[in-house]
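Okay, so here's the structure we're looking at.
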Amino acid sequence: MLGLAAKAGKVASGEFSTEKEVKSGNACLVIVAEDAYDNTKKLFRNMCKYYEVPMEIFATKEELGHWIGKAYRASICILDEGFAKSIVKKISLNMEG
């Protein structure tokens, strides 16, 4: 699903781009890698809470980057509501199973 969103141009990746999209109000979902630094997780947790953007901590930096066709990424941002809802559903199913 992340690959489809990336192909559609609905993904911003990397800390700077993700932060910019959250603050500009374009972000529908932020995903931070499980192996990101604690400070990075805290930064995005606080920012997403303030701007009321859903956030998930999921996968590794390497996996996130691979799924969107880039080098490793600590954070990515989904810019489309439909993709965001679908990805959250898949993440929650993955965590249950």
Nearest 0.5 Å, please: how far is [atom2] in [Y] from [atom1] in [X]?
{"X": "I78", "Y": "I87", "atom1": "CD1", "atom2": "CD1", "value": "4.0 Å"}
{"X": "L2", "Y": "K90", "atom1": "CG", "atom2": "NZ", "value": "10.5 Å"}
{"X": "I68", "Y": "K7", "atom1": "CD1", "atom2": "NZ", "value": "11.5 Å"}
{"X": "S75", "Y": "E15", "atom1": "OG", "atom2": "CD", "value": "5.5 Å"}
{"X": "R73", "Y": "L64", "atom1": "CZ", "atom2": "CG", "value": "10.0 Å"}
{"X": "L29", "Y": "K85", "atom1": "CG", "atom2": "NZ", "value": "12.0 Å"}

Next item on the list: Using side-chain hydrogen bond (donor to acceptor under 3.5 Å, both in side chains) as the criterion, list what pairs up with N26, not counting sequence neighbours.
Entry: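 Per chain and number, N26 pairs via side-chain hydrogen bond (donor to acceptor under 3.5 Å, both in side chains) with E21, S24.
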Checklist line | Test item: T60 and E63 side chains (from C-beta on) under 4.5 Å apart, heavy atoms | finding: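 Of all side-chain heavy-atom pairs linking E63 with T60, at least one is under 4.5 Å.
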Note to self: Between F58 and N94, is there a side-chain heavy-atom distance shorter than 4.5 Å?
What the structure shows: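 In contact.
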Could you pull out the closest heavy-atom pair between [X] and [Y], with the gap in Å?
{"X": "C77", "Y": "T18", "result": "CB-CG2, 3.8 Å"}
{"X": "G9", "Y": "L79", "result": "O-CD1, 4.4 Å"}
{"X": "K70", "Y": "S13", "result": "CE-OG, 4.4 Å"}
{"X": "C28", "Y": "D80", "result": "SG-C, 3.6 Å"}
{"X": "A6", "Y": "V11", "result": "N-CG2, 3.5 Å"}
{"X": "K61", "Y": "D35", "result": "N-OD1, 2.8 Å"}

Notebook entry, point to check: Do W67 and Y72 belong together in a cluster built from hydrophobic side chains that touch within less than 4.5 Å?
Noted result: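 Different clusters: W67 never reaches Y72 through Ile, Leu, Val, Met, Phe, Trp or Tyr contacts under 4.5 Å.
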Next item on the list: Please check if the side chain of S92 supplies one atom and the backbone of V88 the other of a donor-acceptor pair under 3.5 Å.
Entry: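 It does hold such a pair.
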Notebook entry, point to check: Which other residues belong to the hydrophobic cluster containing F44, where Ile, Leu, Val, Met, Phe, Trp and Tyr are joined when side-chain heavy atoms lie under 4.5 Å apart, directly or via other members?
Noted result: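 Its cluster mates, by chain and number, are V22, V30, V32, L43, M47, Y50, Y51, V53, M55, I57.
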Note to self: Quick check on E62: does its CD atom have over 12 non-hydrogen neighbours (other residues, nucleotides or ligands) under 6.0 Å away?
What the structure shows: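 Counting other residues, nucleotides and ligands, CD of E62 stays at 12 neighbours or fewer.
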Next item on the list: Sequence neighbours left out, what passes salt bridge (charged side-chain N to carboxylate O under 4.0 Å, His left out) with K23? Give chain and number order.
Entry: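 For K23 the salt bridge (charged side-chain N to carboxylate O under 4.0 Å, His left out) partners, ignoring immediate neighbours, are E19.
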